[in-house]
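What follows is a short report on a single structure.
Note that this is a predicted model, so its numbers are computed, not measured.
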Amino acid sequence: MESVLHDAEAPPIVPAELVARGLELIPIPMVQVTLDSGRLDFYAMNRAYRLAGLGVVPGRSPMLADLTPRITAFIRSAQTRTDFDWSLGEAIDCRFYRVTIARSGPHVHDRCTISFIDQTSRIQTERSMQREMTTDSLTGLPNREGFENLVEGIEHRDSHAVLAIDLERFGRLNACLGSLAGDEMLITVARRIKGALRACDTLARIGGDQFAVLMTIDENPDEAHRLAERIQRTLVAPFRLTDYEIRVECSIGIAYGRDEPGDIAELIRNAQFAVKRGKLTGRSETYKRQEFTIAREQFGLETALRRAIENDRLRLAFQPICDLATQRIVAFEALARWTDDDGCEVPPSKFIPVAEECGLIVPLGRWAIDAAARTLSAWDAAAGGSCGVRVAVNLSAIQLQRDAIAPVVEAALRRSGLTGDRFTLELTESAIVTDPDGIATAMHALKDLGTTLAMDDFGTGYSNLAYLQKLPIDILKIDRSFVTGMLADRDKVSIVRAILSLAQALNMKTTAEGIETNELAQTLGALGCTYGQGYVFARPLEADAAFASISLK
Ligand code: C2E
Ligand code: CA
Ligand code: CA
């Protein structure tokens, strides 16, 4: 059958020739050729090829050589239909066809129809869309998706590493100089980083100011760190942008394929995870699995805490605050307590920082204010009038920044029928550092409700004491670290004395935290400290026990 296959018809036209002659090649969307005898009819085929805009060349055309064996194989088989994709030409002017061969019956001599459906423009559009979707238009580098595809395609994970590169303060630069200058800088940064890479490494831009490198590790395990250093060095030289000289610093996180037993795509996330630490240390940092485990635990804690808040599974413990002169309980500090689903007590030192980090401190803080007010009002009801004590609630700095505290306190007071003078709010100095004006407004609003304001952990935070004069603070709570072991430490005594005289000068009261012995309580009382709190009086108590401790007196 092959004997009929010789390119006899002339003159042949090849697409490239057509283009060279300035003629436009217009492919026919679909061409059919019928092989009547069931034999591969060269003339019919040739006509079809030409019609399809394919052209033929004299001698054994590569096109015929490529397609003919497949058609021949079909004719010889007992199949009645087959479909396949076929492409022709170089990468640049490649044309794509869907070829269908159908036969009227199962015999070799039955009539065959071969159709060529031109799919070139669809496939080209798809390919260019795909390229666009995986390329960053500014730098021409692969974007996040393109980079993910690259990483997912790695075959030997042990010999690869991903570097995540985060530019520092890029947002500020963009805001100050405009996005055009920012774009220009990103392009220059990309060019410089590329210059630091070896030919086998690939650079991508995976976010606004984030780049990533997929690199191969040959023999030297240090190669990734060396590359990171080269990148940092190349960025150190100042950039000239409009009239400014700008220095770009970057943090780099490295994740090794050999350390990632799971999904290879996790490498990018791991490298980005390591960047966070790089930002703190100012060096390039390698991803550590253990660190991720801690972050995952925190995330688990966060989820469980969210559920606990929603399901009202938190409770308050109450620790007495006593007047050091009379030993009478004047107030209780409300401290959050959480027993998790497994019945384990999670200490506030563990869950409060998590709540602050993920924003749960806002609902938690609201709950604490409300629960404290409800408990105090229940005690009043049980005492048949005011039970005579105040309740002190902790406010976190983040909660103060994010929530409108005064209206929350006002609503809690209203709901429980309490007056503001029954409430103390404990703030820390860190709140004042972050947003002095906002905090001052919030504090004045709280004072207007008649509440008492205490500065918690005093002496551990802010060194500039000017705020004490400006803000409506009633009580300084001397931090436990100065009180514990004070009697054996002259420096601590000096600090406590200084705080006490400062408070006196400013007309504030004082509470010493963490008093564990009678001797300490007496000494602090003698030094002029107003109130005391600590295990010597009582540990934090469940609400009922706390109420019992006042009704007994
Ligand atoms: P804090 O406000 O300084 O609370 C006092 C802490 O010292 C409490 O720890 C208390 O149990 C402990 N303590 C009291 N007396 C003594 C003593 O004599 N010796 C010793 N060694 N410790 C004593 P706790 O309950 O574990 O609370 C830890 C921190 O968690 C609190 O420190 C507070 O910053 C935070 N916290 C607790 N509940 C809340 C809350 O509802 N909201 C916010 N924002 N923070 C809270
Ligand atoms: Ca406190
Ligand atoms: Ca404290």
* Are Leu453 and Thr424 close enough, and set up right, to give a side-chain contact (heavy atoms from CB on, under 4.5 Å), and what steps lead you there? -> CA-CA 6 Å; Leu453 299 183; Thr424 299; over 6 Å; no
Practice problem: Could you go through the salt bridge (charged side-chain N to carboxylate O under 4.0 Å, His left out) check for Asp341 and Arg307 one step at a time? | Solution: CA-CA 10 Å; Asp341 289 346; Arg307 247 198 342 260; 3.1 Å; yes
[X] side chain to [Y] backbone, donor-acceptor under 3.5 Å:
X	Y	answer
Asp340	Gly343	yes
Ser179	Gly182	no
Ser416	Arg374	no
Thr451	Phe423	no
Thr326	Arg328	yes
Gln232	Cys250	yes
Glu426	Leu395	no
Glu542	Asp544	no
Lys492	Ser481	yes
Arg205	Gly208	yes

Criterion side-chain contact (heavy atoms from CB on, under 4.5 Å) on Leu186 and Phe170, from CA distance to verdict
CA-CA 9 Å; Leu186 286 170; Phe170 179 73; 3.6 Å; yes
Taking the side chain as everything from C-beta on, heavy atoms only, tell me whether [X] gets closer than 4.5 Å to [Y].
X	Y	answer
Pro142	Asp136	no
Val391	Leu316	no
Glu357	Glu302	no
Ile369	Gln399	yes
Phe458	Asp479	no
Met455	Lys477	no
Ile231	Leu163	yes
Leu425	Met443	no

Have [X] and [Y] got a donor and an acceptor in their side chains that come within less than 3.5 Å?
X	Y	value
Thr484	Glu516	no
Arg315	Thr339	yes
Gln272	Asp166	no

[X] to [Y] - nearest heavy-atom pair and separation:
X	Y	answer
Arg337	Pro348	NH1-CG, 3.4 Å
Cys529	Thr511	SG-C, 4.1 Å
Ala412	Ala373	O-CB, 3.9 Å
Asp323	Tyr531	CA-CD2, 3.8 Å
Gly525	Leu324	N-CD1, 3.9 Å
Arg415	Asp370	NH2-OD1, 2.6 Å

Could you tell me the separation between the [atom1] atom of [X] and the [atom2] atom of [Y], rounded to the nearest 0.5 Å?
X	Y	atom1	atom2	answer
Ile329	Arg390	CD1	CZ	13.0 Å
Glu310	Asp312	CD	CG	11.0 Å
Asp421	Leu449	CG	CG	11.5 Å
Asp403	Ile361	CG	CD1	10.5 Å

query: Within 45° of the six-membered ring axis of Tyr256 and under 6.0 Å from that ring's centre, is NZ or CZ of Arg258 located there?
result: yes
Q: Measure from NZ or CZ of Arg192 to the centre of the six-membered ring of Phe239, then state whether that distance is under 6.0 Å and the direction lies within 45° of the axis.
A: yes
- Query: Please walk me through it: do Asp380 and Arg422 pass salt bridge (charged side-chain N to carboxylate O under 4.0 Å, His left out)?
  - Reply: CA-CA 11 Å; Asp380 281 357; Arg422 306 290 300 285; 2.8 Å; yes
So ring pair (Phe, Tyr, Trp, His ring centres under 6.0 Å) across residues 307-354, not counting sequence neighbours, yields Phe318-Trp379, Phe332-Trp379, Trp338-Phe351
For Glu513 and Val483: C-alpha separation, side-chain torsions, deciding distance, then whether side-chain contact (heavy atoms from CB on, under 4.5 Å) applies. CA-CA 7 Å; Glu513 297 182 321; Val483 176; 5.5 Å; no
May I ask you to say whether Asp474 pairs ionically with Lys509, meaning some side-chain N is under 4.0 Å from a carboxylate O? no
